[in-house]
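Numbers restart at 1 for each chain; the letters A, B, ... are given by sequence-line order, proteins then strands. The basis for the numbers below is simple: all heavy atoms, side chains too, and nothing from hydrogens, waters or symmetry mates.
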Protein chains: 2
Amino acid sequence: MTDVVVTRRERARAATIAEIKEAAFGLMAESGTIDVRFTDIARVMGMTPPALYRYYADRDDLLGDLISDCYEHLGAAVAQARDAVDPDDLGGRWYAAATAYREWARTQPQRFALIFGLPVPGYVAPEDGPTTEAAKRAMSQLGDLFVSAAQAGSLRPPLVTEVSDAIADCASDKHPELDGIVPPESFQAMLQAWASLHGFTCLEAYGHLDWVGDEARDALFRGHVAMIAQAAGIPVPN
Amino acid sequence: MTDVVVTRRERARAATIAEIKEAAFGLMAESGTIDVRFTDIARVMGMTPPALYRYYADRDDLLGDLISDCYEHLGAAVAQARDAVDPDDLGGRWYAAATAYREWARTQPQRFALIFGLPVPGYVAPEDGPTTEAAKRAMSQLGDLFVSAAQAGSLRPPLVTEVSDAIADCASDKHPELDGIVPPESFQAMLQAWASLHGFTCLEAYGHLDWVGDEARDALFRGHVAMIAQAAGIPVPN
DNA sequence: GACGAAAAGTTATGCTCCATAACAAACACG
DNA sequence: CGTGTTTGTTATGGAGCATAACTTTTCGTC
């Protein structure tokens, strides 16, 4: 038995990295910005700024790690909320997943902006890199919902059934796992559902729906999610 | 006849301000970022950085002006595209307006991020300030579409007709001009349409739909806009 | 036309932060 | 113990924001 595959130092290093990211997220939430200063992170941690360069090459390097983490968090939040609902209640699962997406974004708009905002030119997500993988995993949490529905035979045809060849080709090319399970029109509807959910989430998280008021905004979200479900062919309980 | 209400100096100043903003937008497009350096603006203009402080108090001040301009630009682009289509062809008008929204965003994602990205904490839009006014004007370009449709009696009931009292109250409170013209369920549908359009636009502008490919993305957009129109009760030519 | 004030632009300067270099302390492991 | 790695420090340079003090240009007015 190798009781310690990770050395004491490796654990300490991992803990420090975790603390750095925690501090970074905390400062982002506090300042309301996406721009974290090494100086501030170091101050929070009781260190001097140059010490951080032992863990990250530069600010972009840290940013990339933060982005990966955010994708993981978001994906996990969506998956957890979705799986907490009866698998047979597809409408309920969709609502739960959508709500998790929304809540994750509006409780920490900075983290949401980190992954879905204007990409920083310094950090180009490496093809098949950890960030890209994390993004795929996170978004597939929504996609799996459609797969389950299709497999259960509960997925109804979407509102828009016309599908261009380009989209059908894209589906079978980029997502061959859907072949024979999720029809092209539902693949299209899935992307539309994501885009529609994403739009509301963006507008709310960045304050563009503040004028609506809390109660009305909640109601609007419920109506929005219901609209999307109907348009996408997700069965809602009558 | 007052042949010159604006003095020579005022014109020169206005021209310089326009040049500053032009330089700022150009640098944003070039760098791919939203962060413009006074140093760079000055360099482009053949000036020294401190000279810019004669025109803007600080970077946030310039930013606020840029944001207002972006709202104006976007609103004008949407209105122009919409009004270029036969007023009786509501589906066509909606498609034109949505396409203008999309194109404006994806041709210069930085400008889009400027107005719809994570708000910079430094610049708080003053209540009823020029920026807020510009935002209202811009967004009302989409709203007017629904008003026209309703007035023409061509607006059909949306996919989701259940409306909470909070939303109905919000509509008559914040937008009394719609009272008796646009029913609450269509007001709700209008916001949902905007959110859905906005979501696709955000995802595309920031590169999150690059994997789909150009042709499929165009088709997806057309399908998305068609879906939104149907869900919102905008009559589409069968 | 000439003078005084205002506007516009320049150089000089301080501050903060990113990033690197050079050095010191702590720690694992033989 | 003692040696090399890891982790942290202080010292330093460079870039950019912002202000201050000074110079030049421009406009209105006598």
Side-chain angles (χ1 to χ4, degrees), chain A residues 2-24 26-28 30-67 110 114 120-123, chain B residues 2-24 26-28 30-67 110 114 120-123:
Chain A
T2 55
D3 48 354
V4 269
V5 281
V6 289
T7 68
R8 176 180 180 78
R9 266 194 175 151
E10 283 172 320
R11 270 186 290 123
R13 184 177 181 83
T16 304
I17 288 180
E19 191 185 347
I20 291 174
K21 293 192 281 193
E22 217 170 306
L27 286 167
M28 277 175 24
E30 189 182 336
S31 69
T33 321
I34 213 177
D35 301 318
V36 225
R37 285 188 280 269
F38 266 36
T39 303
D40 291 338
I41 296 177
R43 181 178 42 76
V44 167
M45 297 180 66
M47 292 201 317
T48 54
L52 296 174
Y53 287 87
R54 296 287 177 193
Y55 301 92
Y56 292 102
D58 54 11
R59 256 170 72 253
D60 286 339
D61 191 22
L62 169 59
L63 213 61
D65 203 6
L66 293 178
I67 292 174
Q110 294 79 24
L114 207 54
V120 300
Y123 181 73
Chain B
T2 57
D3 48 352
V4 270
V5 280
V6 290
T7 68
R8 175 181 181 77
R9 261 192 181 154
E10 284 172 320
R11 270 187 290 124
R13 184 177 181 82
T16 304
I17 288 180
E19 191 185 348
I20 291 174
K21 293 193 282 194
E22 216 170 306
L27 287 167
M28 276 175 25
E30 188 182 335
S31 69
T33 322
I34 213 178
D35 300 317
V36 222
R37 285 189 280 271
F38 265 36
T39 303
D40 291 339
I41 297 178
R43 181 177 44 73
V44 166
M45 296 179 68
M47 293 200 316
T48 55
L52 296 174
Y53 288 87
R54 297 287 178 192
Y55 301 92
Y56 291 102
D58 53 12
R59 254 170 75 254
D60 285 339
D61 190 22
L62 169 59
L63 214 61
D65 202 6
L66 294 178
I67 292 174
Q110 295 80 24
L114 206 53
V120 300
Y123 181 73

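- We find that CG of A:L62 is positioned 15 Å from C1' of C:dC17, with the value rounded to whole Å.
- Judged by closest nucleotide on DNA chain D, A:T16 is the one of A:T16 and B:A57 placed further toward the 5' end.
- Whole-Å rounding puts the B:M45 CE to C:dA8 C1' distance at 12 Å.
- With A:R43 contributing its side chain and A:T48 its backbone, the two residues share no donor-acceptor pair below 3.5 Å.
- At least one side-chain heavy atom of B:D35 sits under 4.5 Å from a side-chain heavy atom of B:R59.
- In this structure, the separation between CG on B:L52 and CG on B:D61 is 11.5 Å, given to the nearest 0.5 Å.
- Rounded to an integer number of Å, the gap from A:R59 CZ to C:dT20 C1' is 16 Å.
- Aromatic pair A:Y56/A:F38: centroids not less than 6.0 angstrom apart.
- Contact between the side-chain N/O atoms of A:R13 and the OP1/OP2 oxygens of D:dT7 is found at a separation under 4.0 Å.
- Whole-Å rounding puts the B:I17 CD1 to C:dA8 P distance at 9 Å.
- Note: CG (A:D35) to C1' (D:dC17) measures 14 Å, nearest angstrom.
- Taking atom CD1 of A:I41 as the reference point, atom C1' of D:dG8 lies 17 Å away to the nearest angstrom.
- The nucleotide whose nearest atom lies closest to any side-chain atom of B:T39 is, among D:dT19, D:dG16, C:dA19, D:dG16.
- Listed nucleotides C:dC18, C:dT10, D:dT7 differ in distance to A:Y55; the shortest reach to its side chain belongs to D:dT7.
- No side-chain heavy atom of A:T33 sits less than 4.5 Å from a side-chain heavy atom of A:M28.
- We find that CZ of B:R37 is positioned 13 Å from C1' of D:dG14, with the value rounded to whole Å.
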(request) Scan nucleotides 20-30 of chain D nucleotide by nucleotide, 5' to 3', and note B when protein non-hydrogen atoms come under 4.0 Å of the base, S if they reach only the sugar-phosphate, - if neither. (result) ------BS---
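- Proximity note for B:D58 (side chain, C-beta onward) versus C:dG9, C:dA19, D:dA18: the nearest is D:dA18.
- Comparing atom distances between the B:T48 side chain and each of C:dT10, D:dT9, C:dC18 picks out C:dT10 as nearest.
- Following rounding to the nearest Å, A:E19 (CD) and D:dT7 (P) show an atom-to-atom distance of 14 Å.
- Within the 4.5 Å cutoff, the side chain of B:I41 has heavy atoms near those of the B:M45 side chain.
- Taking the ring-ring contact (aromatic ring centres under 6.0 Å, His included) definition, one finds that B:Y55 meets it with nothing, sequence neighbours left out.
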